[in-house]
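The structure displayed is predicted, hence computed values, not measured ones.
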Amino acid sequence: MSLPERNLALELVRATESAAMAAGRWMGRGDKNGADGAAVNAMRYMLNTIRMDGTVVIGEGEKDEAPMLFNGEHLGTGEEPKVDIAVDPIDGTRLLSLGRQNSISVVALAEKGSMYFPEHIFYMNKIATGPEAAGSIDMRLPIAENIKRVAKAKSKNIEDVTVVVLDRPRHENLIADIRRVGARIRLISDGDIAGALMTCKPDAGIDLLAGIGGSPEAVISACALKCVGGSMFCTLWPRNDEEALKCRDLGMDLDRILGMDDLVRSENVFFAATGVTNGELLQGVRYEGDHIRTQSIVMRSASGTIRYIEAIHKLTKLEKISGIDY
């Protein structure tokens, strides 16, 4: 990057804070589209104030039919540095609409051309863990063996290892295998970016993420894990024969295991996330009359620095300078 000394994550967090504050008003109202639209508009507005020439590589326009922040959209002021951007204005839109935990707003950024583009494949099979067991996981091995390796790396009994898995019918066999080896399971209904990040937070009590989830979320998670020294491996998971055929036509290897450097090649990665609803990772947005409180995490891979930011936003002043309805 042309300005490697500039910590862009400290600027990205303004976008995740803005999206979280705008979307948090929709908590529990049962309107996923309304919440997502509010988050998208607020995030886009703030990202366009950052001095960068950014291109959205991982967006939500194609998958979720969102009106903005689509793949290929240009963001920022148009000045150097040139960067790839991965966004998820709300990871866990359904969680937010139902008033449930662990909905977050996230943005990741890296050097131009360094992020993996999953084409038309919306899902990947994943395994991820935090820095303590980063060298232990191997996607070629059964989940039971990976659990044993993580337990050894973290000096735990197998019965103490907790694996986070999306609660989906497709994971019936995976869940059975985890139970058979004796590990604990934390089933989540949505939001596997938060799930991957929880493997890196000691007090979250999560040791491993496994299973099939969104491919855009895999790239964003890899950016975050690279910042903290975690590890992730994925394979493409076509939903049907048509998607598999498209992969082969494009020369995409369905058996290839994608590692961290495949998902994001850059060693100068920036990541920011803000809690929308309360969760193990971050506190959610709190509306307190004339001000709003947010909690965020901000990371940069080049320095390895992790910051937790507690912010108090003055509502009347924000509305005057931003034009966003918080």
Side-chain angles (χ1 to χ4, degrees), residues 9 86 88 91-92 101-102 104 106 108 110 124-141 143-166 174 178 181 183-188 191-214 217-234 257-264 266-267 269-275 279-283 295-308:
D88 199 340
D91 177 46
Q101 290 190 329
N102 289 317
I104 61 174
V106 297
M124 291 184 182
N125 193 14
K126 317 171 188 179
I127 187 168
T129 192
E132 289 181 87
S136 302
I137 58 174
D138 187 336
M139 199 160 197
R140 296 168 297 182
L141 298 174
I143 188 63
E145 183 59 32
N146 277 293
I147 290 170
K148 292 174 184 176
R149 287 176 166 225
V150 168
K152 182 178 180 181
K154 301 183 81 168
S155 300
K156 287 186 170 188
N157 295 322
I158 290 173
E159 293 79 8
D160 297 333
V161 172
T162 303
V163 186
V164 64
V165 180
L166 279 169
L174 173 65
I178 296 170
V181 78
R184 290 155 34 101
I185 301 173
R186 169 78 156 83
L187 289 176
I188 57 174
D192 68 350
I193 296 175
L197 280 168
M198 281 189 275
T199 68
C200 303
K201 190 178 180 185
D203 60 359
I206 302 296
D207 303 290
L208 192 64
L209 174 137
I212 297 156
E217 289 83 354
V219 177
I220 296 173
S221 297
C223 290
L225 289 165
K226 190 160 234 185
C227 289
V228 298
S231 183
M232 184 175 202
F233 295 97
C234 304
I257 296 175
L258 303 169
M260 296 286 285
D261 289 334
D262 298 304
L263 296 167
V264 55
S266 174
E267 295 303 323
V269 181
F270 304 87
F271 179 88
T274 300
E280 291 97 331
L281 182 66
L282 293 165
Q283 287 289 306
Q295 185 181 56
S296 305
I297 186 171
V298 176
M299 303 186 287
R300 181 187 183 187
S301 65
S303 64
T305 303
I306 303 169
R307 291 180 173 91
Y308 283 91

For a quick test of reading the model, state the closest non-hydrogen atom pair linking L282 to I297 and the distance between them. CD2-N, 4.0 Å
Nearest heavy-atom contact between G214 and E217 is CA-OE1, 3.1 Å
Suppose we screen for side chain to side chain contact (heavy atoms under 4.5 Å, CB included). Which residues come up paired with A86, at least two apart in sequence or across chains? I58, A108, M115, I220
Determine whether a donor-acceptor pair (N or O, by modelled atom type, separation under 3.5 Å) exists between the side chain of R149 and the backbone of S136. yes
Got a sec, which residues hit salt bridge (charged side-chain N to carboxylate O under 4.0 Å, His left out) with R186, two or more places apart in sequence or on another chain? E280
Taking every non-hydrogen atom, the tightest pair across G130 and C200: CA-SG, 3.7 Å
Inter-residue atom distance I127.CD1 - I257.CD1, 0.5 Å rounding: 10.0 Å
Tell me, with the steps shown, if V150 and I137 meet side chain to side chain contact (heavy atoms under 4.5 Å, CB included). CA-CA 7 Å; V150 168; I137 58 174; 3.8 Å; yes
Looking only at heavy atoms, the pair that brings V106 and A273 closest together is CG1-CB, 3.5 Å
Side chain to side chain contact (heavy atoms under 4.5 Å, CB included) with C227: which residues, sequence neighbours excluded? V269, F271, M299, S301
Does any part of the side chain of M139, heavy atoms only, come nearer than 4.5 Å to the side chain of N146, both counted from C-beta? no
dist L281:CG -> I193:CD1 (nearest 0.5 Å) comes out at 11.0 Å
What's the separation between atom CD1 in I104 and atom CG in L197, rounded to the nearest 0.5 Å? 5.5 Å
Got a sec, which residues hit salt bridge (charged side-chain N to carboxylate O under 4.0 Å, His left out) with K126, two or more places apart in sequence or on another chain? D192
Taken in chain and number order and not counting sequence neighbours, the residues that satisfy side chain to side chain contact (heavy atoms under 4.5 Å, CB included) with Q283 are N278, R286, Q295
Side chain to side chain contact (heavy atoms under 4.5 Å, CB included) filter on R184, not counting sequence neighbours, yields T162
With sequence neighbours left out, what residues match T129 under side-chain hydrogen bond (donor to acceptor under 3.5 Å, both in side chains)? none
Minimum heavy-atom separation for A210 to I143, with atom names? CB-CD1, 3.9 Å
Gap between atom CD of Q101 and atom CD1 of I188 - 0.5 Å precision: 12.0 Å
Tabulate below the donor-acceptor pairs under 3.5 Å that side-chain atoms of residues 151-160 make, not counting sequence neighbours, or state none.
{"from": "K154", "atom 1": "NZ", "to": "D207", "atom 2": "OD1", "distance (Å)": "2.7"}
{"from": "K156", "atom 1": "NZ", "to": "D207", "atom 2": "OD1", "distance (Å)": "2.7"}
{"from": "K156", "atom 1": "NZ", "to": "D207", "atom 2": "OD2", "distance (Å)": "3.2"}

Roughly how far, to the nearest 0.5 Å, is CG of L225 from CE of M260? 5.0 Å
d(K226 NZ, D261 CG) to nearest 0.5 Å is 4.0 Å
